[in-house]
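Report on the structure given below.
The chains referred to below are lettered A, B, ... by the order of the sequence lines, with proteins before strands, and numbering in each begins at 1.
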Amino acid sequence: MELPIRISKDSREPIYHQIVNQFKALIAGGHLSAGTPLPSIRALSKDLEISIITTRRAYQDLEVQGFIRTLQGKGTFVADIAESLKQEVKVTSVHNILENAVETALSYDYNLSQVKEIFLNILQDKEKGDK
Amino acid sequence: MDALLSIRDLEKRIDEFHLGPLDLTIEPGTITALIGNNGSGKSTLLKMIMNLVQPGMGNIKVNNILVHSDNENWKPYVAYQPQTIIGWDPFTGEMLKDLIAPLYPNWDESLFLRMVELFEIPLNKKFSKLSQGVQQKLNLTLTLPRNAPLLILDEPTSFMDIPSKKLLIDLLVDWMEPGDRSIIIASHQIDDIKKLSDYLFVLHNGEVLGHFEKEALMENYARYWLSDSVSEESIPGVVSREEHVLISNNPKETESYFEQMNTKWTNRSSLEMEDIITLLLTKNKGQ
Amino acid sequence: MKDDLKVTMQLMKQELKLSWGSFIGLFLYYSLFTVLFTTGFHAQETRFVGLDLFFLMLFIFGPAWFKPKGLQLQKINGKIFASPSTIMGLHLPIKKQVIVLKSIVQYVIHSFPFQLYMLIMLYLISPDVRNTMELDTYISFAIIWLSFGIYIGFSVLTIDVGSSSNNNNLTIVLSSLLFVAILLLILSFPYFFTYGVVEWTIIIAKKWPYISTLLSISAATVGFFYWKKKLMKQLKQIDYL
C-alpha cells in the first residue's frame with residue numbers, strides 16, 4: 001500500500017520525526033482507520049528511500065505513543081485511539097504548520113505584525129470564499 | 001542477535017594493490033551496499049568472504065565460524081552471486097536448478113518458479129546461449145531461492161533492463177521480510193543504494209573510506225547558497241565551492257563558522273546520494 | 001566419506017549428461033590407437049620402438065581430450081587457469097574434499113574403462129602380443145600400465161584444480177626444459193637401453209610378474225592419496241581472483 005507520506009530531506013526536522021508526525025496526522029484525520037495494516041518496516045524504507053534504522057525508530061515511537069500496534073508474525077496495524085488524542089494531534093499538527101509558516105516569514109525578514117497582517121488577510125479571503 | 005558476518009583486521013596484497021585493513025560487521029535484517037570505484041577491491045573482498053581468496057592478515061567469520069579454516073560448515077549460510085559466473089555455460093537452466101537446489105536445505109521452489117515467470121526465463125536453453133541480461137536474471141533466480149541467511153550479490157543487475165531492475169528490488173524487499181536475513185550488494189546502480197541499502201560500506205583503491213548508516217551519511221552533507229561571496233580562506237567542513245555555492249561535509253562546523261563571521265546563506269539543501277558518493281570517491285584522487 | 005561420495009555423484013549427474021559425446025570420442029580414439037599399436041607391433045616384428053610416446057600419452061592425457069565445450073580448462077579472470085566446474089563448486093556449498101573427489105572420479109571414468117578396453121583389445125586382436133606374452137604376464141603388464149595411469153596420470157588433475165599463470169619466468173623455463181628432457185629421454189630410450197619404455201615393461205612383467213604387479217598397485221595406492229592431498233592443498237592455497 002502506498003501511503004501519502006512525503007519526507008523532505010532538506011528539512012531540519014529529523015526524518016523519523018517527519019514520519020511520526022505524518023502518520024499521526026493521517027491517523028487522527030481519519031485517513032487511516034483503526035485496524036488498517038501498515039507496510040512492513042522494510043517496505044516503507046524502500047518507498048521512502050531511507051534505512052530501516054530510521055523507519056524502525058519511527059514505528060517504535062508511534063507504538064510507544066499508542067498510535068500503532070504490532071502483532072507478532074502478523075504485522076503492524078493502526079491502533080484504536082481515543083477521540084481526545086485525535087483532537088490533540090489535530091491541534092498540534094495545525095499548530096506546527098502555522099509555526100513553520102511564521103518561521104519562513106521571519107526568515108524573509110518580515111516582522112511579526114507584518115506576519116499577522118498576512119495571516120488575517122488569508123482568513124478574510126476564506127470567509128469571503130465561504131459565503 | 002549474533003552477527004552474520006564479522007571481519008576483523010583484514011588485509012590483502014595482490015601485486016601492487018593493497019586492500020584493507022578492513023573491519024565489517026553485518027547484523028541480521030540489514031542491507032549493506034558495497035560502494036567503490038572500479039578496482040577498489042569490492043569483488044576481492046567478497047571473494048575473501050567466500051574463501052576463494054586467502055587473506056594476508058585478519059579473519060572472517062560467518063555465523064561465528066572461521067571461514068579460512070578446515071571447517072566448511074559456514075558455506076550453506078551464504079548464497080553468493082559472483083560478477084562473472086564460471087562453469088554454467090554448458091548447462092541449461094533446468095540442469096542448473098537440479099544441481100544447485102539440493103545443496104540448500106531451505107530452497108524455495110515456489111519463489112524459483114515465480115521468478116522464472118516474472119523474468120520470462122527459458123529454462124531449456126543453454127546458459128551460454130542466453131543474453132547477458134537473461135544470464136543475470138537466471139543467476140538471480142538460482143540465487144535468491146537458496147534462502148541462505150547471508151546473500152552476497154556482486155553487481156547483479158549491470159546488464160538488466162530497467163523494469164527487471166525494479167522488479168528485483170521488490171523481490172529483494174520481499175525476501176528480507178522474515179527479518180533475520182542480510183544482503184551485501186556491490187552495485188553501481190543508484191536505485192539499489194537508495195531503495196535497498198541501510199548501510200554503505202565505501203572503498204576507494206583498497207582503502208576503507210567508511211561504513212555509514214544511510215541517513216547519517218545524508219545528514220553529514222549540506223549545500224549552502226550565500227548571498228555574497230566569501231573570502232578565499234578555507235571554511236571548516238567545506239569540500240567544494242563554486243562561487244556562491246558551498247558544499248560541506250560537516251554542516252555543524254560550517255554553520256557555526258558562518259555565524260561567527262556573520263555570513264548569511266539564502267538557502268540550504270541536502271545533497272543527492274549520487275553527489276555524496278561522487279564526492280567521497282573523487283575527494284581522495286591524487287593523494 | 002559416504003556422504004561426500006553421494007554429493008559427488010549428485011553433482012556429476014548433470015555433467016555426465018553433457019559427456020556422451022566425449023565417451024564416443026574416447027572410444028573411437030582408443031580404438032584407433034589399438035589398431036595403430038597392433039599394426040606397428042606387427043610391422044616391426046614385435047618391436048614397439050617409436051610408439052612409446054603415444055602409449056604413454058594414452059595413460060596420462062587421455063581423458064583431457066574430448067572434454068565437452070564448457071567443461072574445458074578456462075582462463076579465470078586473466079591469472080588463473082582452472083576447470084570451470086572447480087570454480088563453480090567453490091561458489092556453492094560444496095566441501096573442498098568433494099570438489100577434489102569429483103575431479104578424480106571424473107578423471108577415472110574418462111580414462112580407466114578406455115585404457116582397460118584398449119589393453120583387452122590389444123591382446124584379443126594381435127597374435128604378436130599373445131605370442132610375446134602369456135596371459136599372466138600380460139595381466140601384470142596391464143596392471144603396470146593401469147597403475148601408471150593413476151600415480152602419474154593423476155598429475156594432470158593439478159591443472160583442473162587451478163594453476164596460476166602468474167609464475168615467474170624461471171619456473172616456466174625450467175618446467176619447459178623438464179618437459180623437453182622427458183620427451184628426449186623417452187625417444188632416446190631404445191638407443192641407450194636397447195629397448196623402449198613399453199618394451200622394458202614387457203620384460204619386467206615377464207621377469208618379475210608378482211613383484212612388478214605388487215609394486216605397481218602399491219604405487220597406485222600411494223599415488224592416489226598423494227594426489228588427493230596435493231589437490232586439497234592446492235585448492236586451499238590458490239587465490240581464485
Side-chain angles (χ1 to χ4, degrees), chain B residues 12-15 17 19 41 43-44 46-48 50-56 62 68-92 94-107 126-129 139 142-143 146 148 152 154, chain C residues 3-4 6-22 67-100 102-103 160 162 164 166 168 232-241:
Chain B
K12 178 72 181 176
R13 186 175 286 283
I14 302 157
D15 303 330
F17 177 75
L19 176 67
S43 293
T44 306
L46 298 182
K47 283 174 184 172
M48 278 199 272
M50 286 307 291
N51 197 9
L52 297 164
V53 173
Q54 304 302 307
V62 168
H68 298 274
S69 69
D70 286 333
N71 184 347
E72 293 176 90
N73 291 334
W74 57 273
K75 266 200 154 184
Y77 291 103
V78 192
Y80 168 60
Q81 175 165 335
Q83 202 179 343
T84 28
I85 192 86
I86 288 160
W88 287 24
D89 274 353
F91 301 107
T92 65
E94 194 68 54
M95 289 165 89
L96 287 165
K97 201 218 78 174
D98 290 344
L99 203 151
I100 292 168
L103 297 169
Y104 295 88
N106 297 321
W107 176 264
K126 265 193 186 182
F127 191 77
S128 58
K129 297 271 185 278
N139 206 337
L142 287 168
T143 304
R146 295 177 191 179
I152 298 181
D154 195 352
Chain C
D3 280 351
D4 288 355
K6 210 180 101 190
V7 180
T8 307
M9 292 306 157
Q10 185 197 314
L11 291 174
M12 272 177 37
K13 220 169 86 185
Q14 305 303 328
E15 281 183 25
L16 287 178
K17 284 184 189 166
L18 306 170
S19 296
W20 58 270
S22 22
K67 261 201 180 172
K69 210 179 148 207
L71 294 180
Q72 284 160 7
L73 222 56
Q74 238 180 53
K75 205 171 189 181
I76 316 290
N77 282 353
K79 278 196 172 171
I80 309 287
F81 270 96
S83 146
S85 61
T86 301
I87 305 293
M88 186 177 173
L90 285 168
H91 290 170
L92 293 168
I94 296 168
K95 285 193 204 159
K96 290 193 165 146
Q97 178 95 3
V98 171
I99 293 174
V100 167
K102 187 172 72 84
S103 285
D160 247 25
S164 168
N166 207 17
N168 55 39
M232 275 298 280
K233 205 175 144 197
Q234 216 178 329
L235 208 54
K236 282 180 190 166
Q237 277 176 348
I238 291 179
D239 283 344
Y240 294 92
L241 280 167

With side chains defined as the heavy atoms from C-beta onward, is the minimum distance between C:Leu92 and B:Ile100 less than 4.5 Å? yes
Measure B:Lys126 against the heavy atoms of chain C and call it side chain, backbone, both or neither at under 4.5 Å. neither
Please test C:Asp239 against B:Leu52 for side chain to side chain contact (heavy atoms under 4.5 Å, CB included), starting from the C-alpha separation and ending with a verdict. CA-CA 6 Å; C:Asp239 283 344; B:Leu52 297 164; over 6 Å; no
Interface moiety of B:Pro82 toward chain C, non-hydrogen atoms closer than 4.5 Å: side chain
Atom group of B:Tyr104 that falls short of 4.5 Å from chain C, counting heavy atoms: side chain
Work out which heavy atom in C:Pro84 is nearest to a heavy atom in B:Gly87; give both atom names and the distance. CB-CA, 3.5 Å
State, yes or no, whether a side-chain contact exists between B:Pro90 and C:Leu71 at a heavy-atom distance under 4.5 Å. yes
With rounding to the nearest 0.5 angstrom, report the OG1 to NZ distance, B:Thr92 to C:Lys17. 7.5 Å
Atom CE in B:Met48, atom CG in C:Leu241: separation rounded to 0.5 Å? 9.0 Å
Closest non-hydrogen contact found for B:Glu72 with C:Ile94 is OE1-O, 4.1 Å
Heavy-atom cut-off 4.5 Å, strictly under: side chain, backbone, both or neither for C:Lys13 against chain B? neither
Does C:Glu15 reach the side chain of B:Phe91, with side-chain heavy atoms less than 4.5 Å apart? yes
Under 4.5 Å from any heavy atom of chain B, what part of C:Gln237 do you find: side chain, backbone, both or neither? backbone
Under 4.5 Å from a heavy atom of chain C, the part of B:Asn51 involved: both
Quick one: does C:Leu18's side chain get under 4.5 Å of B:Met95's, heavy atoms only? yes
Does atom CG (B:Asn71) have a neighbourhood of more than 12 heavy atoms from anything else shown, all under 6.0 Å? yes
Closest non-hydrogen atom pair, B:Asp98 against C:Gln14: CB-NE2, 3.3 Å
Do the side chain of B:Lys75 and the main chain of C:Leu90 share a donor and acceptor less than 3.5 angstrom apart? yes
Would you please test B:Asp70 and C:Lys96 for salt bridge (Lys or Arg N to Asp or Glu O under 4.0 Å) and show each step? CA-CA 9 Å; B:Asp70 286 333; C:Lys96 290 193 165 146; over 6 Å; no
Below 4.5 Å, heavy-atom pairs only: which of C:Lys95, C:His91, C:Gln97 has the largest tally toward chain B? C:His91
